[in-house]
Amino acid sequence: MSTTDKTPTEASHRSEGPAGQERGPEHEPALGEAGAQLSTAPLEDSPTAPVGIGVIGWARWFWRQLTSMRVALILLFLLSLGSIPGSLIPQTQVDAMKVEDWKRNNEFWVPVAEKLQLFDVYSSVWFSAIYILLFVSLIGCIVPRTWQFVGQLSGRPPGAPKRLDRLPAYTTWRTEKSPEDVLAYAGTLLRGRRFRTEPGTSAVAAEKGYLRETGNLAFHIALIVLLVAFATGQLFKSEGGKLVLRGKGFANTLTQYDDFKSGSLFDSDDLPPFSFTLDQFDAEYEKTGPQKGTAREFKAHVTYSEGADGAPKKAEIEVNRPLQVDGAKVYLLGHGYAPVISVTDSTGKVVYKDSVPMLPFDNNLSSSGAVKVTDGYRNAGGEKEQLGFNAMFVPTFAGEGKGTMLSQFPALDFPVLALSAYHGSLGVDSGLPQNVYQLNTSKMKEFKDADGALFKQKLLPGESMTLPDGAGTVKFEGIERWATFQVSQQPGNTLALVGAVAAIGGLAASLFIRRRRIWVRAVPGKDGVTVVEMAGLGRSESARLPEELAVLAATLHEQAPSAPQPVEAEEGERG
């Protein structure tokens, strides 16, 4: 074999720069169209290039910088960085009460936080500016790449360069097959390997890996979809909470919510019409072992109806298994107990009887609350007054002399209600909102016991306590359950899921699919024997291109095997 011949499995891997590196503009004259970009990434402007003259020149320079991938990555990083304060500092749209608590505990930082809009991060000017710039940057980057990629799809693989031996992967051999037969074999082989081929007079050009750029564009478009989904969710979202007692119901109207927050473009008419009733609530807890008291199951049995005249339907709502009704999701958030309390005045008239929800403050459902008798009560002197009771409820009491008034287990094993009594004005007529779980005693007086201390008493279900001075009685009638639900509308969730899946798929395609080109040339040699050349060109990450070329060359070699060496060459080698 002559010194210029190589077996197909000895395909060389050489280049002017790093192995397999995509050639820059300085190599394009040598490679011709073969050295053109193997991606739709725009060429970076030279840092020393003039930006133009006047406003138009500066505007063009600014646009090129904004739509560069470097700036897009910087903006994406800034967007992530800007989200950190929104996670660490309470947000007004999420919980205004927590914002007020934060301000009271961090008075020094309040002026700075307000100037930087840290209590409304996601609607702040600076966060919106980053968001819009990133949106524009991605669009400005995608549009030209898309048109360029469409042009590449409609084009054909470029012809073979004059010097195939300058390409990173190269092999050659001589065969007795005619050039036409070799090129026909090569075209069939490459098409069978899903290369897009373009036959020529003396060479076959092939290209593969277009899905890489499809994935790249899909990834960038998916980022825009995610941004649109985030904006849609923030502008049109709604989220409200409601505490529902067993046997009571809820209708999805704005006035029914205990708390409600929404996006700036949300309209209350967009609330889907439905209602539900809490029929039963089941809870199971671990009774023994180190995990005693741990919840095993929470389940709310409800009857719901869609629309004003919808047929009633049964459903079960569990944690992380919401009820979906007409685009809204009803989540089960929590539960607790509501002692049933009745109050009679000095004449024995029942002036109050209701279930009073208690707010849990530990894992064993030790709960606190307030009983407020606002109307109908008259004291022993016949004067109108209001009654108030601070209440503490424990579902499992340890017993007298066995610790504090704290529950030992979340189930109703030994329920006890403790009440302390006040009379006077509850302040509900002032027009100011009050916390239903707290008693405002600023305008009230304590009922006194025989020792002159605040009158209070522990009650078991069915027991009563008699208020001092013939003021009436309070009876612990029984216990009901309550559950809290969150009704949420997030119109951008589905779009965000589609965008996330598309982004992952596009990123995987852009990382694992390699764009590369293969050329096969077959021309008659000086002695009439056909000379076959094969070469490949890929991007810098196409490290396996020489291996792929070797496999293709070995397969083609089976159809066009090497010709015997000339006698003169053999005698020269012996010499």
### Query
Can you tell me if NZ on Lys456 sees more than 12 non-hydrogen neighbours from other groups inside 6.0 Å?
no
### Query
When you check the side-chain N and O atoms of Asn364 and Ser366, is any donor under 3.5 Å from an acceptor?
no
#### Entry: Criterion side-chain contact (heavy atoms from CB on, under 4.5 Å) against Tyr422, the qualifying member of Asn440, Leu454, Leu387
Leu454
### Message
Minimum heavy-atom separation for Phe260 and Gly240, please, with both atom names.
### Response
CD1-CA, 3.9 Å
### Task
Could you go through the side-chain hydrogen bond (donor to acceptor under 3.5 Å, both in side chains) check for Gln408 and Thr396 one step at a time?
CA-CA 5 Å; Gln408 307 300 306; Thr396 301; over 6 Å; no
### Task
Grab the two heavy atoms, one from Gly506 and one from Ala218, that are nearest each other, plus how far apart they are.
CA-CB, 4.3 Å
### Task
Determine yes or no for a side-chain-to-main-chain donor-acceptor pair under 3.5 angstrom, with Ser367 supplying the side chain and Leu365 the backbone.
yes
### Query
Do the non-hydrogen side-chain atoms of Phe127 and Leu79 ever get within less than 4.5 Å of each other?
yes
### Task
Kindly say whether Glu306 contributes a backbone atom to a donor-acceptor pair with the side chain of Asp326 at under 3.5 angstrom?
no
### Query
Once you round to the nearest 0.5 Å, how far does OG of Ser268 lie from CZ of Phe266?
6.5 Å
### Query
In terms of heavy-atom contacts, does CG of Asn363 have more than 12 from other residues, nucleotides or ligands at under 6.0 Å?
no
### Query
How far does CD1 of Ile221 sit from CG of Asn216, to the nearest 0.5 angstrom?
10.0 Å
### Query
Can you list the residues that meet the salt bridge (charged side-chain N to carboxylate O under 4.0 Å, His left out) rule with Lys299, with sequence neighbours excluded?
Glu297, Glu316
### Query
Any ion pair linking Glu385 and Arg378 (charged N to carboxylate O, less than 4.0 Å)?
no
### Message
Please determine whether the number of non-hydrogen atoms from other residues, nucleotides or ligands lying under 6.0 Å from atom CG of Asp309 exceeds 12.
### Response
no
### Query
Below 4.5 Å, heavy atoms only, C-beta onward: do Phe397 and Leu417 meet side chain to side chain?
no
### Message
With a 3.5 Å distance limit and no angle check, can you tell me whether Thr484 reaches the backbone of Gly334 through a side-chain donor-acceptor pair?
### Response
yes
### Query
Under a 4.5 Å cut-off applied to non-hydrogen side-chain atoms, are Pro461 and Pro415 in contact?
yes
### Summary
On a heavy-atom basis, the closest approach of Leu66 and Ser137 is O-OG, 2.5 Å
### Task
Evaluate side chain to side chain contact (heavy atoms under 4.5 Å, CB included) for Val394 paired with Met405, printing each intermediate quantity in order.
CA-CA 7 Å; Val394 290; Met405 184 70 176; 3.7 Å; yes
### Task
Considering only NZ, NE, NH1 and NH2 on the basic side and carboxylate oxygens on the acidic side, decide whether Glu480 and Arg246 come within less than 4.0 Å.
yes
### Message
If you compare all heavy atoms of Gly209 against all heavy atoms of Arg515, which two are closest, and at what distance to 0.1 Å?
### Response
O-CD, 3.5 Å
### Query
Do Lys329 and Leu323 have side chains that get closer than 4.5 Å, going by heavy atoms?
no
### Under 3.5 Å: donor-acceptor pair, side chain of Trp63, backbone of Trp58
no
### Task
Take Thr344 and Thr473 through the side-chain hydrogen bond (donor to acceptor under 3.5 Å, both in side chains) test and state the conclusion after the steps.
CA-CA 5 Å; Thr344 60; Thr473 59; 2.5 Å; yes
### Message
If you define the side chain from C-beta out and look only at heavy atoms, does anything of Leu134 sit under 4.5 Å from Leu76?
### Response
yes
### Message
Could you walk me through whether Lys372 and Leu439 satisfy the side chain to side chain contact (heavy atoms under 4.5 Å, CB included) test, starting with their C-alpha distance in whole Å, then the side-chain angles of each, then the deciding distance to 0.1 Å, before giving a yes or no?
### Response
CA-CA 8 Å; Lys372 300 179 183 181; Leu439 187 66; 4.2 Å; yes
### Task
Please report the C-alpha distance between Gln291 and Arg296 in whole Å, then the side-chain angles of each, then the deciding distance to 0.1 Å, and finally whether the side-chain hydrogen bond (donor to acceptor under 3.5 Å, both in side chains) criterion is met.
CA-CA 10 Å; Gln291 293 186 339; Arg296 291 304 179 200; 2.8 Å; yes
### Enclosure of Tyr437 OH (heavy-atom neighbours >12, cutoff 6.0 Å)
yes
### Task
Calculate, to the nearest 0.5 Å, the distance between atoms CZ and CD belonging to Phe219 and Glu213 respectively.
13.5 Å
### Query
How about Arg321 and Ile317: do any of their side-chain heavy atoms sit closer than 4.5 Å?
no
### Query
Does the side chain to side chain contact (heavy atoms under 4.5 Å, CB included) test come out yes or no for Ser83 and Tyr122, once each step is laid out?
CA-CA 8 Å; Ser83 301; Tyr122 302 111; 4.2 Å; yes
### Task
Give the C-alpha distance, both sets of side-chain angles, the deciding distance and a yes or no for salt bridge (Lys or Arg N to Asp or Glu O under 4.0 Å) between Glu239 and Lys261.
CA-CA 5 Å; Glu239 189 175 274; Lys261 51 184 178 289; 3.2 Å; yes
### Message
Quick check against the 3.5 Å criterion: does Gln117 have a side-chain atom that pairs as donor or acceptor with the backbone of Val125?
### Response
yes
### Query
Which heavy atom of Tyr285 sits nearest a heavy atom of Ala295, and at what distance?
CD2-CA, 3.9 Å
### Query
Would you say Trp109 has more than 12 foreign heavy atoms packed within less than 6.0 Å of its CH2?
no
### Query
Got Val373 and Val351 here, is their nearest side-chain heavy-atom distance under 4.5 Å?
yes
#### Entry: From OH (Tyr352) to CG (Asp354), nearest 0.5 Å
4.5 Å
### Query
Can a salt bridge be assigned to the pair Glu463 and Lys458 using a cut-off of 4.0 Å between side-chain N and carboxylate O?
no
### Query
When rounded to the nearest 0.5 angstrom, what distance separates CG in Leu406 from CG in Asp362?
6.0 Å
### Query
Any donor-acceptor pair under 3.5 Å linking the side chain of Asp120 with the backbone of Ser124?
no
### Given Phe281, Tyr304, Phe298, Phe276, the one that forms ring-ring contact (aromatic ring centres under 6.0 Å, His included) with Phe485
Phe276
### Query
Is the count of non-hydrogen atoms from other residues, nucleotides or ligands lying under 6.0 Å from Phe361 atom CZ greater than 12?
yes
### Message
Quick one, Gln386 and His423 - any side-chain contact, counting heavy atoms below 4.5 Å?
### Response
no
### Query
Do the ring centers of Tyr337 and Phe393 come within less than 6.0 Å of each other?
yes
### Message
Centre-to-centre under 6.0 Å for Tyr257 and Phe250, is that the case here?
### Response
yes
### Message
Which heavy atom of Trp102 sits nearest to which heavy atom of Pro90, and what is that distance?
### Response
CD1-CD, 3.6 Å
### Message
Could you walk me through whether Val340 and Phe476 satisfy the side chain to side chain contact (heavy atoms under 4.5 Å, CB included) test, starting with their C-alpha distance in whole Å, then the side-chain angles of each, then the deciding distance to 0.1 Å, before giving a yes or no?
### Response
CA-CA 6 Å; Val340 181; Phe476 183 10; 6.0 Å; no
### Query
For the atom pair CD (Gln324) and CZ (Phe274), what is the distance rounded to the nearest 0.5 Å?
11.5 Å
### Task
Salt-bridge test for Lys314 and Asp279: reply yes if a basic N is under 4.0 Å from a carboxylate O, no otherwise.
yes
